[in-house]
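Note on naming: letters A, B, ... go to the chains in the order of the sequence lines (proteins, then strands), and numbering restarts at 1 for each one.
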There are 2 protein chains.
Amino acid sequence: MEKKLPTIKEIARRLNISASTVSRALHDHPSIGLRTKMAVKKLAAELNYEPNQTAIFFKQRKTFTIGLVLPNLREEFFSAAINGIEDVALDHNYIVLIGQSHDDLAREQKLVETMKNHRVDGILASISSSTTHIEHFEQMKNYDIPVVFFDRVPDAKDIHSVSCNLYDSSVEAVEWLIRNGHKRIGYLQGPPTLNMKHERLDGYMEAHKKHKLPVDESLIVSTNLSVEGTRSAVDALLQLKKRPTAILSFNDYVTLDAIQYARQKKLAINKDICFVSYANVPVTQYVEFPPLASVEQFPYDQGVSATELLFRLIDKKVAGQESPYENIVLKSELIIR
Amino acid sequence: MEKKLPTIKEIARRLNISASTVSRALHDHPSIGLRTKMAVKKLAAELNYEPNQTAIFFKQRKTFTIGLVLPNLREEFFSAAINGIEDVALDHNYIVLIGQSHDDLAREQKLVETMKNHRVDGILASISSSTTHIEHFEQMKNYDIPVVFFDRVPDAKDIHSVSCNLYDSSVEAVEWLIRNGHKRIGYLQGPPTLNMKHERLDGYMEAHKKHKLPVDESLIVSTNLSVEGTRSAVDALLQLKKRPTAILSFNDYVTLDAIQYARQKKLAINKDICFVSYANVPVTQYVEFPPLASVEQFPYDQGVSATELLFRLIDKKVAGQESPYENIVLKSELIIR
DNA sequence: CTGTTAGCGCATTCAT
DNA sequence: ATGAATGCGCTAACAG
């Protein structure tokens, strides 16, 4: 049975006044007689009247909803980011529509499309590893839906973004390894789509340069982030005649797989081979051999910052102003255990 | 600058026909002349016309949105559940509004309220550990918004739910410990709000009974799931004159904290003390001393099942039928490493 | 085959 | 101080 919620009209009918009077009374409009105002409020309370937000959204052409598109929620990095996003959104009386791309471009496109259909007021996105172009996001300009990328930011101009600068920490991480006596340091990078800014690699190079260490190209390998991809990449490093004594790797998840594999290959972790990584996810505290150091990327703060930026864009949009592209860069921090 | 998207009216105006004709043409209504139909479709394509879904939602009194309220996303259990939920939702062309209660009743209430304001078509919920009543969910009946609880299901009648039966697996888990020679088995339970069905405890008792082992009340302790809560609970067990040789504990997260604490206390894990747990979360594969066994609760399947049930309720609602309360119970499974 | 009318729930402009 | 009229974008009942 469809229940019928009381509407402003129903109240008007019962009181023999017009709907607009009811509307104004409810909004404490100054030019409403106290008597009628009281009567309206009283009846509204009795009937448990609540304005139908969807009607209001429809009229105002706003939904008080933001869309969040990200690769997955499994990684603690993203769930931490959501905490920041949700906190800011709730402060603004907004709520979050969520969608996981599972690193699949087609799914990401479908999600963006669906969110557009729902007329979200803005979109936050961290792109999938298979995202080779961002037309689906750029389309949003036609609908006046601002998009802010965070963490996994595409290599494009004319976008808004929030991310951590990994260059400095990368230099620092590699220098730390060098100071600890390592001379052959492998670099296990992620898939090309996620390496577009080369910050990690540039940092790796710079540290070598500063310490006058030659860079051996064969020490640089890639994984698509899958367990198998990581294993074969690590395998390539271990097969080398002169194998590395340390590996800088894309993120903690990859590193855990890498460490597991190295152990299977009977290497003594932190002795035969050391690992330094990115993300600094909390679960690593429970594992036997966590990376010796990891670059904290402050997911919560990125989430907060991205969402705040998005709200600035939304506010400007309703004010009819153009916004210059903003690319906020936060600092990262090397955490040594 | 507010862009103006083409509307059905605009098309009508340009073609000097009525809006309803345009609407029908776009929907391939049978009784529309081929010529006008083509003309409409052609112009619509040229203008990149897309129906304004929010208007349609408004008219149909549906939002194609479901609300998901859960304690947090950090636990892999919940993020796995979301995968199931999202997959089913997307199949139905629905999208998911998300909200984390962070185990705070007030926040849970606010989230439910907000989702109601957004007129979600249904709500999926896993209650917070501080949820002592469910009035805020029951209120949803007044708005014809069906609610399905999953995993953390409140102890109430007249609700819909999907959960795992933990009784059998609990018996099995404890019996497994007993068969492995343990005679004093501690039980580290969660907060009272999450133990309402006592399935774990009943199973624990039953296994003792079957094997004619006495149950020592002092072996049963509780944690509020915080690290400190878990530590002091474990501490209580370790302080006992006759300390347990094994502990059955609320879930893997609690267990990881418990194990960490036991190690700090210089106990040899799996020798001085063994752990068996619930949830079987994947991260445990990376840790040095995972629980020896864990009860798989199939979060993905729970998510799928709960969402399917929710859609059945939504469909019946639009068909104007009453639905009997459904409480789906899935099997759990003890996974031994 | 197509147009006219009405209405979803609300806010707002223009009258009175 | 209040009511009538209008419109947001779309669909559908009713009329030709």
Toward the 5' end of DNA chain C, by each residue's nearest nucleotide, B/K59 or B/P30: B/P30
Nearest-nucleotide 5' precedence on DNA chain C, A/A19 against A/K9: A/K9
Side chain to side chain donor-acceptor pair (under 3.5 Å) evaluation trace for B/N83 with B/E86: CA-CA 5 Å; B/N83 289 343; B/E86 217 194 313; over 6 Å; no
Exam field: side chain [X] to backbone [Y], donor-acceptor pair closer than 3.5 Å:
{"X": "A/K317", "Y": "A/D144", "answer": "yes"}
{"X": "A/R61", "Y": "A/F58", "answer": "no"}
{"X": "B/Q302", "Y": "B/D151", "answer": "yes"}

Contact nearer the 5' end of DNA chain D, comparing B/T21 with B/A55: B/A55
Pairwise 5' ranking along DNA chain D for A/S20 and B/Q60, keeping only the more 5' one: A/S20
Axial bend angle, the helix from C/dC1-D/dG16 to C/dT16-D/dA1: five-pair end segments, nearest 10°: 60°
Got a salt bridge between [X] and [Y], using NZ or NE/NH1/NH2 to carboxylate O under 4.0 Å?
{"X": "B/E308", "Y": "B/R312", "result": "no"}
{"X": "A/D158", "Y": "A/K141", "result": "no"}
{"X": "A/D28", "Y": "A/K41", "result": "yes"}
{"X": "A/K110", "Y": "A/E113", "result": "no"}

Looking at every strand, decide which applies to [X] at a 4.0 Å heavy-atom threshold: base, sugar-phosphate, or nothing.
{"X": "A/T7", "result": "sugar-phosphate"}
{"X": "B/Y49", "result": "sugar-phosphate"}
{"X": "B/T36", "result": "sugar-phosphate"}

Terminal contacting nucleotides, 5' and 3', DNA chain D versus chain A (heavy atom, 4.0 Å): D/dA1 to D/dG9
Boundaries of the chain B footprint along DNA chain C (any atom under 4.0 Å from a heavy atom): C/dC1 to C/dG9
pair A/V22-A/I17: side-chain heavy atoms closer than 4.5 Å: yes
B/I82 side chain reached by B/L70 side chain, heavy atoms, under 4.5 Å: yes
Aromatic plane relationship, B/F57 with B/F64 - under 30° parallel, 30 to 60° tilted, over 60° perpendicular: tilted
